[in-house]
Number of protein chains: 2
Amino acid sequence: MQSTTHPHDHLADWLAGDLARVNALIRARMASEHAPRIPEVTAHLVEAGGKRIRPMLTLAAARLCGYEGENHIRLAATVEFIHTATLLHDDVVDESTKRRGRPTANLLWDNKSSVLVGDYLFARAFQLMVATENLRVLDILSNAAAVIAEGEVLQLTAAQNLATDETIYLQVIRGKTAALFSAATESGGVIAGAPEEVIRALFAYGEALGIGFQIVDDFLDYGGAGDAIGKNLGDDFRERKLTLPVIRALAQADAGERVFWERVIARGTQEAGDLEQAIDILNRRGTLASTRETALDWARTAREALTVLPDHPLRDMLADLADYVVARVN
Amino acid sequence: MQSTTHPHDHLADWLAGDLARVNALIRARMASEHAPRIPEVTAHLVEAGGKRIRPMLTLAAARLCGYEGENHIRLAATVEFIHTATLLHDDVVDESTKRRGRPTANLLWDNKSSVLVGDYLFARAFQLMVATENLRVLDILSNAAAVIAEGEVLQLTAAQNLATDETIYLQVIRGKTAALFSAATESGGVIAGAPEEVIRALFAYGEALGIGFQIVDDFLDYGGAGDAIGKNLGDDFRERKLTLPVIRALAQADAGERVFWERVIARGTQEAGDLEQAIDILNRRGTLASTRETALDWARTAREALTVLPDHPLRDMLADLADYVVARVN
């Protein structure tokens, strides 16, 4: 499928000039005259790793609405800072979590540094968005920050709880992933002064893309059929998160499967071979396949939302991006 | 001294109507439909404990400038949320910290909950300040958030480092304490549309009050001469923080004292009796007394800043508050 080969790179090429300015702004704002530990902690997150998907969404949304100002650069840096702060705060672990075998890469810095440097990036994000002087954008992004934190707390309380259903799951992933995707696209449209119909479509695209993206992530944690390069198979299982494949398998579980899920997820006494048995059950119950279908549905929803937008090469790239994100499950 | 008996209560009485509305707003915004853990974690911080000094500063600043609108309530709740979020994030500990005997009250909730609920409160704070639709206030408070986080990171890297001098110490406490005090008073004046001279005076008062407040706190950690009810003597010592009494004692240390400080602060191998020995050295070097003098100087600076403000009962209460904060060291 030609259209789904690396649409991320097409976007990065098209937006190269803007992206270079976003990167320069990120570097400048990440620095701290007084606290050199800050760039030390953030460097490996902000400089190297990221694919910059969220800032590209903001840039693409603004540009395809004809925006020619400066504020889309600030907003793109804002969403990347919020994302990076969230990653840092996700790194904070409790002793019990560590014992369950968290990958050591996440433990590069101590808890306290992760928390405080994350706070610094949040604050930098708010400074950047305030500099746009656009109250509607401030409203969108401060609301997104609250929804993100709420989703993360909800995930914490939903983990290990077999009563977690698809409604709660959707709330969690709207919060932890989709809220920032939709705020990224919506704020790009708002800053460009796009018509309300276009702004709504950009929001809908970002939200559906984010939900699809997270469902694919949760699918890949149990392997899927394709390659899983870079994925740490079974992380969610070890952290006893109730993700879509497990929630659906639980709804169909027979007595023996129920006993299994209660032991490994609710009580958390996991043994060698449990992950393999979990994947067996998910395959037997067809919930990896149905999770894949659900992700494809969300990619379709994202694509359809774009029909309202003006005809533009960036619109086609965003459509391809939706396919690409979900193509990871093939 | 009559004027220093509980000026905090006088302020609370005068501002009772406003404070009741701030408390109602805090309760409403702390709630979370989807994540009941949030109010569980924050209840003991937001409901019971706090003296509400920071929100009272905002309310007093706005009221003594004649403000009659609604936004001072939002701003007062904002600064209290930022303060509470900071407390939650301060609770995050690393295993090494725990081993050094952190009080268990701070470990009521796990690290992850402290981080994520703190993030939620930060986000709620930003929503509240955005609702004022006052860009200058947004600028002040988002800058304060960055300075606070930077101060906390700086404190982290300055701890255990005997090269920390008074300049770095002042930077740390400006960040961790004074930045929110000064943002509280300054934003109260800005929202009231006060003249620039008055806004500058409110900022100067809040900053000096915050610096004095923190110096007193650091003094009391080594006991002082008075009662230390509610203080956990020696916390800073155990956490190997370089506070003003120690920094000044280090500057005068003879060879034997230097060996002592290197062992207990730089290397962190502390034994029974070390805290008592540290207090002995501080008394011998006169640095508890000189720290007390420095705190009194800052209280005077705070008081003097108020002379520019309009004649108003709240102005007198703020002046008394400055004396009261420092009177804790007597």
Side-chain angles (χ1 to χ4, degrees), chain A residues 29 32-38 41 85-86 88-98 110-131 133 135 138-139 141-158 168 171-172 175, chain B residues 29 32-38 40-41 85-86 88-90 92-98 110-131 133 135 138-139 141-158 168 171-172 175:
Chain A
R29 295 307 179 96
S32 161
E33 196 190 333
H34 304 309
R37 178 166 301 178
I38 291 173
V41 173
T86 308
L88 276 170
H89 284 185
D90 267 345
D91 275 357
V92 170
V93 289
D94 291 287
E95 284 172 80
S96 57
T97 316
K98 251 187 251 181
D110 56 26
N111 279 337
K112 203 86 186 183
S113 295
S114 293
V115 173
L116 298 178
V117 175
D119 288 351
Y120 182 72
L121 294 184
F122 270 130
R124 289 307 228 178
F126 280 104
Q127 286 180 308
L128 279 165
M129 66 175 96
V130 168
E133 303 196 341
L135 285 168
L138 289 170
D139 200 46
L141 288 164
S142 64
N143 289 344
V147 173
I148 291 167
E150 205 172 11
E152 297 266 9
V153 176
L154 185 61
Q155 172 172 270
L156 206 63
T157 51
I168 296 174
Q171 252 163 26
V172 168
Chain B
R29 294 306 178 95
S32 161
E33 196 190 332
H34 303 310
R37 178 166 300 179
I38 291 173
E40 281 172 33
V41 173
T86 309
L88 277 169
H89 284 185
D90 266 346
V92 170
V93 290
D94 291 287
E95 284 172 81
S96 56
T97 317
K98 252 187 254 181
D110 56 25
N111 279 338
K112 203 85 187 188
S113 294
S114 292
V115 174
L116 299 178
V117 175
D119 288 350
Y120 182 71
L121 293 185
F122 270 131
R124 288 308 227 179
F126 280 104
Q127 286 180 307
L128 278 166
M129 67 175 95
V130 169
E133 302 195 343
L135 285 168
L138 289 169
D139 199 46
L141 286 165
S142 64
N143 289 344
V147 173
I148 292 167
E150 206 172 10
E152 297 265 10
V153 176
L154 185 60
Q155 172 172 272
L156 206 62
T157 51
I168 296 175
Q171 251 163 29
V172 168

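Just so we're on the same page: letters track the sequence lines, and every chain starts at 1.
Ring-plane geometry between H89(A) and H89(B) is classed as perpendicular, the angle between the planes exceeding 60 degrees on a 0 to 90 degree scale with a lower cut at 30.
Between chain A and the options L141(B), D139(B), V117(B), N143(B), the largest number of non-hydrogen pairs under 4.5 Å is found for N143(B). Of the listed residues I38(B), T157(B), V153(B), T86(B), the one with more heavy-atom pairs under 4.5 angstrom with chain A than any other is V153(B). For the options V172(A), D119(A), L154(A), heavy-atom pairs under 4.5 Å to chain B are most numerous at D119(A). Between chain B and the options V147(A), I168(A), V130(A), heavy-atom pairs under 4.5 Å are most frequent for V130(A).
By the 4.5 Å heavy-atom criterion applied to side chains, E133(A) and L138(B) are not counted as neighbours. At least one side-chain heavy atom of D90(B) sits less than 4.5 Å from a side-chain heavy atom of E152(B).
A distance of 7.0 Å separates OG in S142(A) from CE in M129(A), rounded to the nearest 0.5 Å. Taken to the nearest 0.5 Å, the CG atom of L121(A) stands 9.0 Å off from the CZ atom of R124(A).
Both the backbone and the side chain of Q127(B) come within contact range of chain A, each with at least one heavy atom under 4.5 Å from a heavy atom of that chain.
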